[in-house]
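What follows is a short report on a single structure.
The structure presented is a predicted model; accordingly, all values stated were derived computationally and were not measured.
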Amino acid sequence: MTGVRGPAATGLGKQLRAAQARVVVPFEDNRHLNRLLGEYDGHLALLEERLGIEAQAHGNVVTLTGPTAACETARDVLEKLYARIRQGEDIGPGDVDGLLRHVGDDAAPVDGLAQIRTRRRVVTARSPMQSAYVQALQHVDLVFGVGPAGTGKTYLAVAYAAQCLERGQVDRIVLSRPAVEAGERLGFLPGDMREKVDPYLRPLYDALYDVLPQAKVERDLDTGVIEIAPLAFMRGRTLAHSFVILDEAQNTTSMQMKMFLTRIGEGSKMVVTGDPSQIDLPPGQRSGLEEAVGLLTGVRGIEAIRFTSADVVRRDLVARIVDAYDNAG
């Protein structure tokens with residue numbers, strides 16, 4: 001065995017050494033390096049973990065050591081992130097992870113991913129499916145975003161609504177959500193209508209504050225430019241020149257969904273988001289979201305974007321949780 005293992009191991013070792021590379025990636029503006037590398041060089045650590053390489057920063061260069069293909073992938077990711085930072089974007093681990101999961105996918109290149117620009121930030125789609133979602137928001141007036149938590153369907157809808165408001169493409173933003181989670185009813189919650197609804201709409205508020213200045217959000221809420229409209233109170237209205245978002249739509253009934261969709265008026269856009277795996281309706285009650293997507297897919301002026309666990313951008317652990325529940329079902 002010794003005589004066989006020696007020559008084979010020597011040959012394999014030469015192949016492995018030959019496949020290793022040392023790639024030096026320079027960046028001309030040191031001011032952007034801290035954001036590129038991440039807190040405590042966390043973005044480099046993520047590249048090392050995911051690609052099996054070593055990444056070290058010295059001055060204005062990053063040196064990558066490891067398999068040639070992996071180093072080239074890391075270079076590609078770093079250069080794309082650097083370009084985004086120079087455009088004014090904030091970069092986080094999710095951006096690194098999103099590029100890593102889709103780089104090299106010939107059917108869905110990461111170059112040219114759609115962007116949303118607001119006064120406060122530039123938001124770049126982190127996956128080809130997110131990019132398709134943003135493009136759908138641009139091209140049609142009614143978009144369904146369907147899929148698991150963490151795929152960015154609500155955040156991107158709010159960001160795009162903010163962009164439309166700032167550009168004068170709509171006069172107001174209307175946020176709505178059914179309040180059926182955990183069996184609670186609005187009437188049993190303390191406070192006025194906004195205080196009753198606020199806990200249900202917190203993810204929408206968080207997204208607004210992330211893409212718009214806080215003072216503007218508060219002012220627009222006070223003046224009605226940004227309106228909180230509980231789903232139960234939408235009946236009988238016609239929403240013109242508005243960007244309307246219905247979140248958690250898996251918890252609508254068939255009649256509620258039909259009522260909501262027919263509120264869309266002249267010059268308005270509407271986005272309906274939801275996760276069919278998290279329906280809180282009573283047993284035997286069919287989700288209005290599932291029915292609407294089935295009925296309206298293919299209708300002119302309407303697009304349905306279906307996200308999967310592969311599109312989760314919150315973090316890898318969320319994707320693994322989604323997969324585990326899907327497999328159990």
Side-chain angles (χ1 to χ4, degrees), residues 129 133 142-158 161 173-208 227-235 237 244-264 270-297 304-315 317-329:
M129 191 59 71
Y133 184 54
L142 175 55
V143 177
F144 291 94
V146 182
T151 50
K153 54 190 183 295
T154 299
Y155 180 84
L156 289 174
V158 173
I173 297 172
V174 180
L175 307 175
S176 188
R177 199 177 190 190
V180 300
E181 293 86 347
E184 294 177 349
R185 297 180 181 275
L186 291 177
F188 294 105
L189 295 176
D192 59 22
M193 181 52 63
R194 180 174 167 184
E195 291 171 329
K196 289 175 185 287
V197 178
D198 272 0
Y200 295 98
L201 294 170
R202 181 49 50 189
L204 300 177
Y205 280 119
D206 290 343
L208 280 171
E227 179 185 354
I228 307 304
L231 180 61
F233 286 39
M234 297 286 284
R235 189 175 301 277
R237 301 184 61 185
V244 192
I245 299 172
L246 175 61
D247 193 34
E248 296 290 337
Q250 75 274 5
N251 289 325
T252 61
T253 65
S254 176
M255 291 301 294
Q256 286 176 324
M257 178 61 74
K258 181 180 178 182
M259 177 273 293
F260 179 81
L261 295 177
T262 54
R263 300 308 94 197
I264 189 168
M270 184 175 283
V271 183
V272 179
T273 66
D275 179 359
S277 71
Q278 298 192 39
I279 297 173
D280 297 311
L281 294 170
Q285 178 76 65
R286 186 182 182 188
S287 168
L289 176 63
E290 292 181 318
E291 181 184 52
V293 171
L295 287 173
L296 299 176
T297 297
I305 305 297
R306 296 181 181 273
F307 296 92
T308 69
S309 61
D311 301 301
V312 171
V313 295
R314 193 167 291 166
R315 58 176 294 188
L317 180 59
V318 177
R320 294 196 294 272
I321 292 171
V322 171
D323 281 336
Y325 273 91
D326 287 346
N327 293 334

* Structure fact -> Residues L281 and Q250: closest non-hydrogen pair is CD1-O, 3.8 Å
* Give the minimum heavy-atom separation between N251 and D280, together with the two atoms involved. => OD1-N, 2.6 Å
* In a check of side chain to side chain contact (heavy atoms under 4.5 Å, CB included) between Y133 and each of I305, T151, D311, which one passes? -> I305
* Residues, nucleotides or ligands: over 12 heavy atoms within 6.0 Å of R306 CZ -> no
* Structure fact -> Here the gap from L204 atom CG to E248 atom CD, rounded to the nearest 0.5 Å, amounts to 9.0 Å
* To do: Considering non-hydrogen atoms only, spot the tightest contact between R263 and R235 and give its length.
  => NH1-C, 4.5 Å
* Sub-3.5 Å donor-acceptor pair from the side chain of T273 to the main-chain atoms of G145, do we have one? -> no
* Any donor-acceptor pair under 3.5 Å linking the side chain of K153 with the backbone of F307? -> no
* Step by step, would you call T252 with V272 a side-chain contact (heavy atoms from CB on, under 4.5 Å)? -> CA-CA 11 Å; T252 61; V272 179; over 6 Å; no
* Give the C-alpha distance, both sets of side-chain angles, the deciding distance and a yes or no for side-chain contact (heavy atoms from CB on, under 4.5 Å) between V244 and I264. => CA-CA 8 Å; V244 192; I264 189 168; over 6 Å; no
* Taking it one step at a time, do F144 and T297 satisfy side-chain contact (heavy atoms from CB on, under 4.5 Å)? -> CA-CA 9 Å; F144 291 94; T297 297; over 6 Å; no
* Quick one: closest heavy-atom pair of A249 and S287, and the distance? => O-OG, 4.2 Å
* Is a side-chain donor or acceptor of K258 paired with a backbone partner of T253 at a separation under 3.5 angstrom? -> no
* Do you know the tightest heavy-atom contact between V312 and A149? -> CG2-O, 3.7 Å
* Any chance you could lay out the side-chain contact (heavy atoms from CB on, under 4.5 Å) test for L175 and D247, step after step, and finish with the verdict? => CA-CA 8 Å; L175 307 175; D247 193 34; over 6 Å; no
* Considering all heavy atoms, the nearest S309-P148 contact -> N-CG, 4.0 Å
* **Test item: E291 and M257 side chains (from C-beta on) under 4.5 Å apart, heavy atoms** => no
